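Just so it is clear: chains get the letters A, B, ... in the order the sequence lines come, proteins before strands, and each one is counted from 1. Computed from a prediction, not measured in an experiment: that's the story for all the values here.
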There are 2 protein chains.
Amino acid sequence: MADQPREDHYVQSLARGLSVITAFGPTTPELSLSDVARSTGLTRAAARRFLLTLVDLGYVRQEGKLFRLTPRVLALGYAFLSSVSLPGIAGPHLERLAGEVHESSSMSVLDGRDVVYVARVPTSRIMTVSINVGTRFPAYATSMGQVLLAGLDDDALEEHLAGLDPVPTTEHTLTSVEALRSRVRQVRSQGFALVDQELEYGLRSLAAPVHNRAGTVVAAVNVSTQASRVGPEETRRALLPPLLKAVAEIENDLSRSP
Amino acid sequence: MADQPREDHYVQSLARGLSVITAFGPTTPELSLSDVARSTGLTRAAARRFLLTLVDLGYVRQEGKLFRLTPRVLALGYAFLSSVSLPGIAGPHLERLAGEVHESSSMSVLDGRDVVYVARVPTSRIMTVSINVGTRFPAYATSMGQVLLAGLDDDALEEHLAGLDPVPTTEHTLTSVEALRSRVRQVRSQGFALVDQELEYGLRSLAAPVHNRAGTVVAAVNVSTQASRVGPEETRRALLPPLLKAVAEIENDLSRSP
DNA sequence: TCAACTCGTTCATTATGCGAACATACGTTA
DNA sequence: TAACGTATGTTCGCATAATGAACGAGTTGA
């Protein structure tokens, strides 16, 4: 079984249990005991013990031979959300921004090689997948990701780029590390990122960095629009000023909070 | 240590590990080793092993002597969200509804004695706390909760009410089980709930049930508004028709999905 | 300087979690 | 109807994963 090498402090059963939770997903909303054993690499008996423990704790529900996650699992993610103040601070500003420009607006942070959405005000559905707090996308293919990469210092950026193998999701996706490095320089220079159908056809997105008092980039905020509405230059002209204004207000509130 | 009694299938280490995650929250965004030991009832050595395992897995970050959750924890909640189709189906309808009435709109489900938000389109901030997917409130004090209780069969409702001890959060909160039972009958009769400052002063909310093909109530959808804008009757007049329309569209899409 | 509190580490111990094996159930196919 | 393949539930001996007491070191505030 592909467990991590044992160290003195490592609790293997916790790691295994968490892997049972993440075995569920969009293509696997309900799983049998044997399904879970297969996808996690656990023995059937072990998978059964973890599933029944999760049932006891209220995180999983058993229906016949099939198991499903319950909404209680959201409490785990919520523990993170309720412990960080930035999404709460940003929320009203994203709401105002979305109301003003009539486009969806979101905030995300970098986590590994992905951006993770931590706040979102959807207006009208543009993308084929629904986006929620918790949704992740590869950083290189998103405007917020490129902004967050631009906010890394050179060493951290090079560490991020090392071994990165961008997978194209459209024909516009940046597929070389050198192209991405060049884009990051451009974003650093101009202070925002505009991504035009690099993640998904039909989607254009503009993002700017949110700094803390120390000047460190702690999050990115975007607005996203349909690529077919207007051209990139018109998108930039119309959306950048209100985006930067919302970011400035978020930074202002952030600098006043504890 | 207040662990559950051991059963053959119970994995105590998983339960303990999950309790470490949920030790973090709005008043405890960062915790020391000893803090975690105290709040979970674990020994310091055990708390340390669980924390370091969560650090290894990327769910927690250590900064000096303090630990914090990382955004990766959102993946646990996201496993649930991505495994249920209803929030994704509802999302565009909630966006249209919020756009039309210029009020926040949400969807929630019942989990234990709480409602849990599973979709949200915020417009303007009314409440003092920010609401996210994963936020929970006591069912009795919310319009969506009262709708979900009304959707329970009589046995399930009585089971829910058994031992319920409603805590008033405003002077309008229903504080007796009998008052709540009466309200549930009213909601069953009229097909919606209107809650006026029962959860929080200044907040009025209207909710309706979402049924699946079998006729079972599977979720509730609301719109919420500031109590000071107009009276309850005007709120009902203005918001109920678009709310019921959005719910009908969600039910229609739901009946067509696999 | 000292008390109080914290964390890191060690290691003997044992309770936990394991999984092989067996039995039973169910659906499919010949 | 019977055989087969795949599933789940259960048991229990046992290996080891996880435990926690004890010790030492570091930090902080009075």
Practice problem: Rounded off to whole Å, could you give me the CG-to-P distance for the Leu42(B) and dT16(C) pair? | Solution: 14 Å
Quiz item: Can you tell me if Asn132(B) and Thr135(B) form a side-chain donor-acceptor pair at under 3.5 Å?
Solution: no
Quiz item: Do you know the tightest heavy-atom contact between Met107(A) and Leu94(A)?
Solution: N-CD1, 4.0 Å
Quiz item: Do the side-chain N or O atoms of Arg48(B) get closer than 4.0 angstrom to the phosphate oxygens (OP1, OP2) of dT6(C)?
Solution: no
Quiz item: Quick one: Gln62(B) CD to dG8(C) P, roughly how many Å, whole number?
Solution: 6 Å
Quiz item: Using a cut-off of less than 4.0 Å, is there contact between a side-chain N or O of Ser34(B) and OP1 or OP2 of dC5(C)?
Solution: no
Self-check item: Among dA17(D), dA20(C), dG8(C), the nucleotide that comes nearest once only the side chain of Ser13(A) is considered
Solution: dA17(D)
Quiz item: With distance as the sole criterion, do the side chain of Arg44(B) and the base of dG8(C) form a donor-acceptor contact below 3.5 Å?
Solution: yes
Practice problem: Could you go through the salt bridge (charged side-chain N to carboxylate O under 4.0 Å, His left out) check for Glu158(B) and Arg181(B) one step at a time? | Solution: CA-CA 9 Å; Glu158(B) 288 309 313; Arg181(B) 198 180 272 113; 2.8 Å; yes
Quiz item: Atom OH of Tyr10(A) to atom P of dT16(C): distance rounded to whole Å?
Solution: 21 Å
Quiz item: Within the structure, does a side-chain N or O atom of Arg38(A) lie under 4.0 Å from either OP1 or OP2 of dT6(D)?
Solution: no
Quiz prompt | Contacts of type salt bridge (Lys or Arg N to Asp or Glu O under 4.0 Å), residue Asp111(B), not counting sequence neighbours | solution = Arg72(A), Arg136(B)
Exercise. Measure from the side chain of Phe50(B), starting at C-beta and using heavy atoms only, and say which of dG9(D), dC18(C), dT19(D) lies closest.
Key: dT19(D)
Quiz item: How long is the line joining CG of Leu14(A) and C1' of dA17(D), in whole Å?
Solution: 13 Å
Self-check item: Atom-to-atom span, CG of Leu31(A) to C1' of dT8(D) - whole angstrom
Solution: 15 Å
Quiz prompt | DNA chain D: 5'-proximal contact among Lys65(B) and Gly64(A) (nearest heavy atom) | solution = Gly64(A)
Practice problem: Starting at atom CG of Asp35(B), determine the distance to atom P of dC7(C), rounded to an integer number of angstrom. | Solution: 7 Å
Quiz prompt | Distance-only polar pair, side chains of Asp56(B) and Thr53(B), donor-acceptor under 3.5 Å | solution = no
Quiz item: Out of dC7(C), dT8(D), dT19(D), which nucleotide sits closest to the side chain of Arg49(B)?
Solution: dT19(D)
Quiz item: For dC18(C), does OP1 or OP2 lie under 4.0 Å from any side-chain N or O of Arg16(A)?
Solution: yes
